[in-house]
Amino acid sequence: MITNVTLLEVSEQIRTQKVTPTEVTEACLARIEQLNPTLNAFITVMAEEARAAAKTATQEIAAGNWRGPLHGVPIAFKDMYDTAGIKTTAAFEHFAHRVPPRDAVAVQKMKEAGAVIVGKTNLHTLAMGTTSTVSAAGPVHNPWNTDYIAGGSSGGSAAAVAAGMCFATIDTDAIGSTRLPAACCGVVGYKCTWGKLDNTGVLAGEQADPVVLQLATVGITARSAADVAVVADALGGADMAAQIAEPQPKLRVGVVTNFGGTEQVRTSFEHALQILRTLGYMYEDAEAPFTEQPDMAGMEAMRATANDRIFKDVDILVLPTLAAEVPTIAAAGTQNPQALSPQNTFFANYEALPAISVPVGLDAHGLPQGLQIVGRQGADATILTVAQAFLNKAPLIHPKEITKG
């Protein structure tokens, strides 16, 4: 099924005109029509706009004017990014009729790359939670089992990519908001080094907590690290797709020992380490700089020393993305915005580090788990390279069908 392949795979089929952007877009819109009533992954479906963009892309490519790997590929945006003339609500009831006058920078860049935007994805209200059970549009459901959460705050994005509704999404990540749902839904979720990619136009003109602004980065959800690199490059990532294809020198991998995790999480992590150890890197135990009460006033000073302090003896850190199994929607409830713990992810935001989550199989309930790879500030291409090398050894997983109970 065309909606289950990676972004780069469908891109090559489009480039060689084995399929047209119109055909691929119609397939994604059909998946959205079929599954969104169950998963609630989208707040706004931009079917008319998507069909028009796909028609233009089809004509351009047929005329020999292929713009690059995103040309004609259906993607979506977390409903935090402003879209001119299309409502941007942040899943917040008071923004239900908010229609921005101009596109966010990321939206502009995706349009310039020729991508087809199929809609705006659901999320935890105002991106202020990890479960996506709280939303003016209703909770997001996990495509592996709809009784379970999709994670948050970018829950709709992870569900949409996992269920074949689009090939990638552009998200935000302030405490783990891209990586946590990616782990819950069995896809790849990346946050960039703080400030590497431009997030201008996220709820432009609205009041925001300055601390959140200091933590939040652009996130990307896709089905492979190579897909992520292509999207990141279009957003200004500086040729990361080319870098991850190059041979990687011997890396020193720090295996984090002080993470929080249940027995199931630790079992999944050991499985991931078995795969990692086949890649020929050097491994040693390490500790991540976790803290329960981070000094937000001193964050900039900590960031200034992060590379030397954290990566003195290693090049990257690896650890579980989640601290426990994926909870049910009923168990997560609506009262605890962090019912899915960000204890293994937040430090990367605090220290301004790039991080990515990749799937490592299923837990005892048949829900995905994730491996997190964290690198030095600016070493985004390195973590993407390791992530793709890992995925090449551990094939991507997809929900066989949308299930309940």
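- With hydrogens and angles ignored, the 3.5 Å screen pairs no side-chain donor or acceptor of Thr278 with any backbone N or O of Gln274.
- The backbone N or O of Gly151 sits less than 3.5 Å from a side-chain atom of Ser132, completing a donor-acceptor pair.
- Residues Leu273 and Glu270 have side chains in contact (heavy-atom distance under 4.5 Å, counting atoms from C-beta outward).
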- Task: Verify side-chain contact (heavy atoms from CB on, under 4.5 Å) between Ile310 and Leu353, making sure each step is shown before the conclusion.
- Result: CA-CA 10 Å; Ile310 301 169; Leu353 308 173; 4.0 Å; yes

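- Although no hydrogens or angles enter the test, the distance criterion places a donor-acceptor pair under 3.5 Å between the side chain of Asn344 and the main chain of Gly260.
- For the pair Ser224 and Gln388, the minimum side-chain heavy-atom distance is below 4.5 Å.
- Proximity of Thr217 to Asn199: side-chain heavy atoms (C-beta onward) are nowhere separated by under 4.5 Å.
- Counted by atom type alone, Thr221 and Asp171 present one or more donor-acceptor pairs between their side chains at under 3.5 Å.
- Rounded to the nearest 0.5 angstrom, Ile75 CD1 and Thr121 OG1 are separated by 10.5 Å.
- For Glu300, the CD atom is densely surrounded, since the number of other residues' heavy atoms within 6.0 Å is greater than 12.
- Atom CD1 of residue Ile373 and atom CG of residue Leu276 lie 6.5 Å apart, to the nearest 0.5 angstrom.
- Taking SG of Cys184 as the reference point, atom CD1 of Ile149 lies at 4.5 Å (rounded to 0.5 Å).
- Counting heavy atoms from C-beta outward, Glu287 and Val256 have side chains that stay 4.5 Å or more apart.
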- Message: Using side-chain contact (heavy atoms from CB on, under 4.5 Å), reason through Thr169 and Ile220 one step at a time and then give a plain yes or no.
- Response: CA-CA 6 Å; Thr169 58; Ile220 299 169; over 6 Å; no

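- Heavy atoms only, all atoms of each residue included: Ala137 and Ile43 are closest at CB-CG1, 3.8 Å.
- Panel note: side chain Thr3, backbone Cys28; no donor-acceptor pair is recorded below 3.5 Å.
- Minimum interatomic distance between Trp144 and Cys185 (heavy atoms only, all atoms of both residues): NE1-O, 2.8 Å.
- Counting only heavy atoms from C-beta outward, the side chains of Glu33 and Val45 never approach each other to under 4.5 Å.
- Between Asp198 and Val218, every side-chain heavy-atom pair lies at or beyond the 4.5 Å cut-off.
- Ionic pairing of Asp82 and Arg102 is not present here: no N-O contact between side-chain nitrogen and carboxylate oxygen is shorter than 4.0 angstrom.
- Results of the salt bridge (charged side-chain N to carboxylate O under 4.0 Å, His left out) test with Glu26 over Lys55, Arg31, Arg51 single out Arg51 as the only residue that passes.
- Aromatic ring pairs are classed by plane angle as parallel below 30°, tilted from 30° to 60° and perpendicular above 60°; the pair His94 and Phe92 is perpendicular.
- The closest donor-acceptor contact from the side chain of Thr146 to the backbone of Asn142 lies at 3.5 Å or more, if one exists at all.
- The number of heavy-atom neighbours closer than 6.0 Å to CD of Glu284, taken from other residues, nucleotides and ligands shown, is above 12.
- Asn65 contributes atom CG, which lies 11.0 Å from atom CD of Gln59 (distance to the nearest 0.5 angstrom).
- Looking only at distances, a side-chain donor or acceptor of Gln264 sits under 3.5 Å from a matching main-chain atom of Ala364.
- Other residues, nucleotides and ligands contribute more than 12 heavy atoms inside 6.0 Å of the CE atom of Met46.
- At distances below 3.5 Å, not a single donor-acceptor pair connects side-chain atoms of Glu206 with backbone N or O atoms of Leu203.
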- Between Thr88 and Lys120, does a side-chain hydrogen bond (donor to acceptor under 3.5 Å, both in side chains) hold up when you go through it step by step? CA-CA 8 Å; Thr88 301; Lys120 310 291 290 295; 2.9 Å; yes

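- When atom types are taken as modelled, the side chain of Gln369 and the backbone of Gly361 share no donor-acceptor pair closer than 3.5 angstrom.
- Residue pairs meeting the side-chain hydrogen bond (donor to acceptor under 3.5 Å, both in side chains) criterion with at least one partner in residues 183-195, sequence neighbours excluded, are Tyr190-Asp380, Thr193-Asp380.
- Test Phe346, Tyr350, Phe347 against Phe290 for ring pair (Phe, Tyr, Trp, His ring centres under 6.0 Å) and you get one pass: Phe347.
- Between Arg252 and Phe311, the closest heavy-atom pair is NH2-O, 4.3 Å.
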- Task: Please lay out, stage by stage, how Glu325 and His365 fare under the test side-chain hydrogen bond (donor to acceptor under 3.5 Å, both in side chains).
- Result: CA-CA 8 Å; Glu325 293 76 18; His365 300 290; over 6 Å; no

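- Remark: Cys166 SG to Phe42 CZ distance equals 4.5 Å, nearest 0.5 Å.
- Contact of the Met296 side chain with the Leu215 side chain is registered, since non-hydrogen atoms from C-beta on lie closer than 4.5 Å.
- For residues 176-186, every residue pair satisfying the side-chain hydrogen bond (donor to acceptor under 3.5 Å, both in side chains) rule, not counting sequence neighbours, is listed here: Ser153-Ser177, Asp173-Arg179, Arg179-Asn349, Arg179-Gln372.
- Of all the heavy atoms in Thr25 and Pro74, the pair that sits closest is OG1-CG, 3.7 Å.
- The main-chain N or O of Glu23 is found under 3.5 Å from a side-chain atom of Thr20 such that the two form a donor-acceptor pair.
- Both tests hold for Arg266 against Phe259: distance to the six-membered ring centre under 6.0 Å, angle to the ring axis within 45°.
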- Task: For Glu112 and Lys109, run salt bridge (charged side-chain N to carboxylate O under 4.0 Å, His left out): C-alpha distance rounded to whole Å, both residues' side-chain angles, the deciding distance at 0.1 Å, then the answer.
- Result: CA-CA 5 Å; Glu112 290 167 2; Lys109 288 183 178 294; 5.1 Å; no

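- For the pair Ile170/Tyr81, a side-chain contact is recorded, criterion being any heavy-atom separation below 4.5 Å from C-beta on.
- Considering NZ of Lys78 and NE2 of His124, their distance stands at 10.5 Å, rounded to 0.5 Å.
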- Let me see the working for Asp103 and Lys111 under salt bridge (charged side-chain N to carboxylate O under 4.0 Å, His left out), right down to the final yes or no. CA-CA 10 Å; Asp103 288 331; Lys111 288 181 177 179; 2.8 Å; yes

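- Heavy-atom minimum distance, Asn122 versus Gly138: ND2-O, 3.0 Å.
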- Can you check side-chain contact (heavy atoms from CB on, under 4.5 Å) on Leu340 and Leu322, steps first, answer last? CA-CA 8 Å; Leu340 182 69; Leu322 304 179; 4.2 Å; yes

- Should Thr83 and Ile117 be marked as a side-chain contact (heavy atoms from CB on, under 4.5 Å) after you check the CA-CA gap, both sets of side-chain angles, and the distance that decides it? CA-CA 10 Å; Thr83 40; Ile117 302 172; 5.6 Å; no

- Intermediate values then yes/no, side-chain hydrogen bond (donor to acceptor under 3.5 Å, both in side chains), Gln243 and Asp239: CA-CA 7 Å; Gln243 292 179 58; Asp239 297 324; over 6 Å; no

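- Between Glu351 and Arg309 there is a salt bridge, since a side-chain N of the basic residue sits under 4.0 Å from a carboxylate O of the acidic one.
- For Asp227 (side chain) and Leu7 (main-chain N/O), a donor-acceptor pair under 3.5 Å exists by modelled atom type.
- Contact detail for Leu39 and Ala163: the closest heavy-atom pair is CD1-CB, 3.7 Å.
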